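Values below: all heavy atoms of this structure, side chains included; hydrogens, waters and symmetry mates excluded. So you know, we letter chains A, B, ... as the sequences are listed, proteins then strands, and number each from 1. Predicted model, so just to flag it, every value in this text is computed and none were measured.
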Amino acid sequence: MITLHNVSVKYRLIKEVKKRTFQAYIIDYLTGRRIRADKLWALKKISLDISEGESLGIIGLNGAGKSTLLKVISGVIRPTEGKVSVSGKIAPLIELGAGFDHELTGKENIYLNASILGFSRREIGEKYDRIVEFAELKEFVNTPLRSYSSGMIARLGFSIATEVEPDILIVDEVLAVGDVHFKKKCREKILKFRDKGVTILFVSHNMEEVKNLCQKVLWLDHGKIKMIDDPVKVVSEYVGNTTLMEDRLGHNR
Amino acid sequence: MAIFSEFKELYRYRELLRNLVARDIKKRYKRSALGFLWVMLDPLLTLLIFYVVFAGIFGKSGNYKLYIISGVIMWQLLAQGTRLAGSSFTSNRQLINKIYLPKSIFPLATAISSLMHFGFSLIPLLGILIFSGINLSYHIVMIPLVIFLAFTFSLGISLFLATLTVFFRDVKFIYDAILRGWMFLSAIFYPISILPEKFQVFMLFNPMYNYISIFRALLYDVSKLRTEHVYFGIASAFLSFSVGWIIYQRNKDRLIFYL
């Protein structure tokens with residue numbers, strides 16, 4: 001169960017990187033020019049209930065706030081305003097393998113990553129074989145990750161996050177990596193999760209996939225909820241709207 | 001209280017803590033030929049350098065070798081740990097940006113891995129101790145206490161530096177310069193008696209000097225154990241940890257926007 005109540009997130013936009021030094025800070029301070037970072041509301045007053053077992057697709061243009069929304073739900077960002085409550089174990093599939101260390105072997109990375117997700121050594125041990133099997137990396141578990149291909153790394157990341165049996169699965173554009181065969185496996189796995197009653201938050205630009213996987217779709221636009229409804233409805237509205245915008249842009253040029 | 005709630009989180013993530021410490025230790029020497037032996041070789045080499053250079057000046061007293069190496073490894077506990085921990089948020093930015101974790105786990109892991117290194121560097125120290133023909137007194141059982149104090153002290157500095165580094169990346173360079181000076185002020189290779197008498201009392205305000213002095217006294221000359229070193233040592237460990245923890249707690253939710 002995920003509940004968001006009036007959630008807003010404010011970012012500071014830092015335009016000049018040089019502001020991050022003492023020298024610049026002191027000069028600015030002495031000249032009375034305090035750091036004025038531009039503020040940007042990445043999310044504005046989002047209220048949302050996601051019930052257990054629901055699979056929610058999240059769509060929107062780049063910069064609409066999709067990733068920020070996921071970060072707020074997974075606890076990475078604390079909202080500037082509003083309340084978030086989440087019950088259940090979350091497995092974020094946001095950019096697979098963020099926690100991988102390329103100097104360590106596949107096996108060491110499995111243990112490291114599963115513990116990043118909050119699992120105990122015993123729990124990881126029980127799932128270890130299945131993780132390796134699903135990732136199809138049996139011969140490589142004792143090889144350092146730096147000699148893996150990017151597809152192999154993605155596979156390993158996906159297997160870890162899914163074998164740990166989360167209550168909430170966050171999928172952010174992961175199906176963009178890996179080969180056709182593995183993509184198919186991932187899709188099947190996500191469907192299986194959905195049928196088992198795992199809550200799924202699915203961010204994608206692939207509208208077909210969104211329609212196939214989700215029961216409900218949320219359309220984010222400039223940090224606000226534009227629409228939340230049945231997938232077919234939202235997707236067709238969204239596609240119509242964006243093509244309209246593209247047309248308009250085209251004319252203006 | 002809210003500022004303590006993170007302790008519970010850290011306990012929940014103890015498996016990750018263990019993996020981070022193990023990774024740190026494994027990685028540091030992984031691609032070197034001598035590997036883990038470097039943990040023991042490094043203090044011996046530093047001892048060699050100081051001894052060759054300064055034995056002629058300060059080496060008249062009997063336990064000069066012991067004096068140097070005990071200072072060196074105690075100093076390393078602070079210097080190595082805090083230097084690495086200083087960049088522990090920025091270097092784990094990937095992870096912090098994507099997954100919820102109690103962030104203090106990173107400086108804590110670095111501090112613990114330095115403590116483990118310290119543990120291993122006790123082996124060459126023990127070698128020198130035996131070599132010098134010192135009779136160990138029962139006071140060595142109190143050594144873990146002074147190690148605990150030095151660890152707490154450096155953990156506080158680590159939290160402080162790690163947080164500050166996120167906002168100002170220059171902290172790293174400033175701290176490196178401070179460490180260099182600080183080392184020379186910590187009486188690692190010279191006896192404090194060479195300092196003018198009126199400066200000697202200021203040494204009490206150098207926490208590292210206090211820890212090193214207690215450590216040396218317990219190790220081989222308990223007659224040199226001074227209560228004021230102990231008091232100042234306890235106070236600075238407490239102060240350092242409190243300040244570091246509070247600064248980290250007050251900024252931890254903002255860090256993400258600066259990483």
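- No other option in B:L101, B:N97, B:I105 has as many heavy-atom pairs under 4.5 Å with chain A as B:N97.
- Test A:L117, A:N113, A:I116 against B:L16 for side-chain contact (heavy atoms from CB on, under 4.5 Å) and you get one pass: A:I116.
- Atom NE2 of A:H205 is surrounded by more than 12 heavy atoms from other residues, nucleotides or ligands within 6.0 Å.
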Give the C-alpha distance, both sets of side-chain angles, the deciding distance and a yes or no for side chain to side chain contact (heavy atoms under 4.5 Å, CB included) between A:I77 and B:F257.
CA-CA 9 Å; A:I77 294 179; B:F257 300 115; 3.9 Å; yes
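- Within a 6.0 Å radius of CZ in B:F153, other residues, nucleotides and ligands contribute more than 12 heavy atoms.
- In A:R78, the CZ atom is not crowded: 12 or fewer heavy atoms of neighbouring residues, nucleotides or ligands sit closer than 6.0 Å.
- B:N19 is listed as a side-chain neighbour of A:R121, based on a closest heavy-atom distance under 4.5 Å.
- The shortest non-hydrogen separation linking A:S115 to B:E15 is CB-CG, 3.6 Å.
- Shown here is A:K224, whose NZ atom has no more than 12 heavy atoms of other residues, nucleotides or ligands within 6.0 Å.
- The neighbour count for A:E126 CD, taken as heavy atoms of other residues, nucleotides or ligands under 6.0 Å away, is above 12.
- Highest contact tally toward chain B, considering only A:V76, A:I90, A:L112, is held by A:V76 [criterion: heavy-atom pairs under 4.5 Å].
- Here the OG-CZ distance, from A:S120 to B:R18, works out to 9.5 Å after rounding to the nearest 0.5 Å.
- Between B:R23 and A:E103 there is no salt bridge, since no side-chain N of the basic residue sits under 4.0 Å from a carboxylate O of the acidic one.
- More than 12 heavy atoms of other residues, nucleotides or ligands sit less than 6.0 Å from atom OH of B:Y190.
- Counting heavy-atom neighbours within 6.0 Å of B:F7 CZ, excluding the residue itself, gives a total above 12.
- Chain A forms the most heavy-atom pairs under 4.5 Å with one residue out of B:R254, B:K26, B:K103, and that residue is B:K26.
- Within the 4.5 angstrom heavy-atom criterion, no atom of B:L255 approaches chain A.
- Two residues are said to be in side-chain contact when any heavy atoms from C-beta on lie closer than 4.5 Å; B:I256 and A:K71 fail this criterion.
- Distance check, rounded to the nearest 0.5 Å: CD of B:Q94 to CZ of A:F100 gives 12.0 Å.
- For A:K83, the NZ atom is loosely surrounded, since the number of other residues' heavy atoms within 6.0 Å does not exceed 12.
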